[in-house]
Number of protein chains: 2
Amino acid sequence: MYKTTKVRSAMLEIFTRNPTPLTTRDIILKLKQNHLNPNKTTVYREIEFLNNLGLITGVDFGEGKKRYELTRKHHHHIICIKCKTIKDISLEKDLGLDSSKIIKTTGFKPISHSLEFFGLCKNCQ
Amino acid sequence: MYKTTKVRSAMLEIFTRNPTPLTTRDIILKLKQNHLNPNKTTVYREIEFLNNLGLITGVDFGEGKKRYELTRKHHHHIICIKCKTIKDISLEKDLGLDSSKIIKTTGFKPISHSLEFFGLCKNCQ
DNA sequence: GTCCTTGCAAATCATTTGCAGGCAC
DNA sequence: GTGCCTGCAAATGATTTGCAAGGAC
């Protein structure tokens, strides 16, 4: 059975408090602020654990590293190409609408998609 | 001024012949088939060169590595989560429509976006 | 006490950098 | 000959793995 460890509780709390997709580095820094100094291996394994449970979800902005955020209602992000600030975006029309068309034109059965926007935040414009 | 080298010509031809986004590894393999054995550093630098000229465009499926394809009309992809086969997708309605809404709700000025689909190809279903 | 968790060191993988030598023009 | 191109080795950064020790229940 799963165990309630310090790192686990702290990471869940960090994800809960931070609405922004976090890198492993971000997480380790925030754990330090909580007076926890786990090995990065532990953090990677805990990420995998929470991800497998579906509690967190991976996001990739093509930065060469993954980010993770608490799993919640389907949404997208816009990331500032200068300062990397991230904001959520919700599109009213769902892209899933195109499923039948994708099946027809490609033969693929779509399961999920990733849609991320890039731009300039208010400060960096 | 730019020079016409064997690797440069071969890579351009490879991108032209292959409609699918290629990894560095893919490119090196295909160069070998063309009896070229360049150092991977050379390939990375050539990718950067062609990318800076805008001749090729980077694509990221969250695989932990980048892919590149010949630059052409805006489109998206669907990748098979099992065998990694990739197919193009064109959506009639452009997502740029949401720009003004994004500006209003987030304060960000959107510049580009990445939209990739994941699913199962005909064989893997 | 059992077995999940953790730490540490080392390995793996994609990508980058510094520097010296090589080739296109 | 000049200046871009290339190779090689080593560095960097993210992520993974093996194994032995530690801690939750």
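Every value quoted in this text rests on a predicted model; they were computed, and no experiment measured them. Numbers restart at 1 for each chain; the letters A, B, ... are given by sequence-line order, proteins then strands.
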request  = Taking side chain to side chain contact (heavy atoms under 4.5 Å, CB included) as the test, write out the residues that go with Leu29(B), two or more places apart.
outcome  = none
query = Where the side chain of Glu116(B) meets the backbone of Ser114(A), is there a donor-acceptor pair that is under 3.5 Å apart?
reply = no
Scan nucleotides 6-10 of chain D against the protein and return all N/O pairs shorter than 3.5 Å with their distances rounded to 0.1 Å.
from, atom 1, to, atom 2, distance (Å)
dT6(D), OP1, Thr5(B), OG1, 3.1
dG7(D), OP2, Asn39(B), N, 2.9
dG7(D), OP2, Thr42(B), OG1, 2.5
dG7(D), N7, Arg45(B), NH2, 3.0
dG7(D), O6, Arg45(B), NH1, 3.4
dG7(D), O6, Arg45(B), NH2, 2.6
dA9(D), N6, Thr41(B), OG1, 3.2

note = Computed from five pairs at either end and rounded to 10 degrees, the angle between the axes of the helix from dG1(C)-dC25(D) to dC25(C)-dG1(D) is 30°
request  = Just grab all the ring pair (Phe, Tyr, Trp, His ring centres under 6.0 Å) pairs involving residues 32-54 of chain A, residues at least two apart or on different chains.
outcome  = Tyr2(A)-Phe49(A)
Distance in angstrom units between Met11(B) CE and dC5(D) P, rounded = 12 Å
message = Whole angstroms only, please: what is the CZ-P distance between Phe49(B) and dT16(C)?
response = 17 Å
ask   = Which residue, Asp60(B), Ile47(B), Asn51(B), forms the side-chain contact (heavy atoms from CB on, under 4.5 Å) with Lys66(B)?
value = Asp60(B)
query = Residues from residues 62-69 of chain A sitting under 4.0 Å of DNA chain D, heavy atoms only?
reply = Gly64(A), Lys65(A), Lys66(A)
message = Going by salt bridge (Lys or Arg N to Asp or Glu O under 4.0 Å), name the residues that satisfy it together with Arg72(B), two or more places apart in sequence or in a different chain.
response = Glu69(B), Asp88(B)
Show me the donor-acceptor pairs within less than 3.5 Å that the side chains of residues 18-25 of chain B make with the rest of the protein, sequence neighbours left out.
from, atom 1, to, atom 2, distance (Å)
Asn18(B), ND2, Ile14(B), O, 2.8
Thr23(B), OG1, Arg25(B), N, 3.4
Thr23(B), OG1, Asp26(B), N, 3.0
Thr23(B), OG1, Asp26(B), OD1, 3.4
Thr23(B), OG1, Asp26(B), OD2, 3.1

query = side chain to side chain contact (heavy atoms under 4.5 Å, CB included) with Thr57(B): which residues, sequence neighbours excluded?
reply = Thr71(B)
Residues which pass ring-ring contact (aromatic ring centres under 6.0 Å, His included) with Phe61(B), listed by chain and number, not counting sequence neighbours = His77(B)
ask   = In whole Å, what is the span from the CG atom of Leu53(A) to the P atom of dC4(C)?
value = 14 Å
ask   = Does the pair Gln125(A) and Lys82(A) meet the rule for a side-chain contact (heavy atoms from CB on, under 4.5 Å), with working shown?
value = CA-CA 9 Å; Gln125(A) 277 172 40; Lys82(A) 258 188 135 175; over 6 Å; no
request  = Taking all heavy atoms of Phe117(B) and all of Ile89(B), pick out the closest pair and write down the distance.
outcome  = CD1-CD1, 3.8 Å
inquiry  = Categorize Thr4(A) for me: base, sugar-phosphate, or nothing, with a 4.0 angstrom heavy-atom threshold over every strand shown.
reply    = sugar-phosphate
key: For the student: nearest non-hydrogen atoms of Cys80(A) and Cys121(A), plus distance   = SG-N, 3.5 Å
ask   = Does anything in residues 24-34 of chain A reach DNA chain D, meaning a heavy atom under 4.0 Å, and if so which residues?
value = Thr24(A)
message = Taking side chain to side chain contact (heavy atoms under 4.5 Å, CB included) as the definition, give me every residue that meets it alongside Lys122(B), ordered by chain and number, with sequence neighbours left out.
response = none
message = Just the rounded figure in Å: distance from C1' of dG1(C) to NZ of Lys3(A).
response = 10 Å
remark   = By side chain to side chain contact (heavy atoms under 4.5 Å, CB included), Lys6(B) pairs with (sequence neighbours left out) Leu36(B)
key: Residue Tyr44(A), side-chain heavy atoms: nucleotide from dC25(D), dT16(C), dT15(D) that is nearest   = dT15(D)
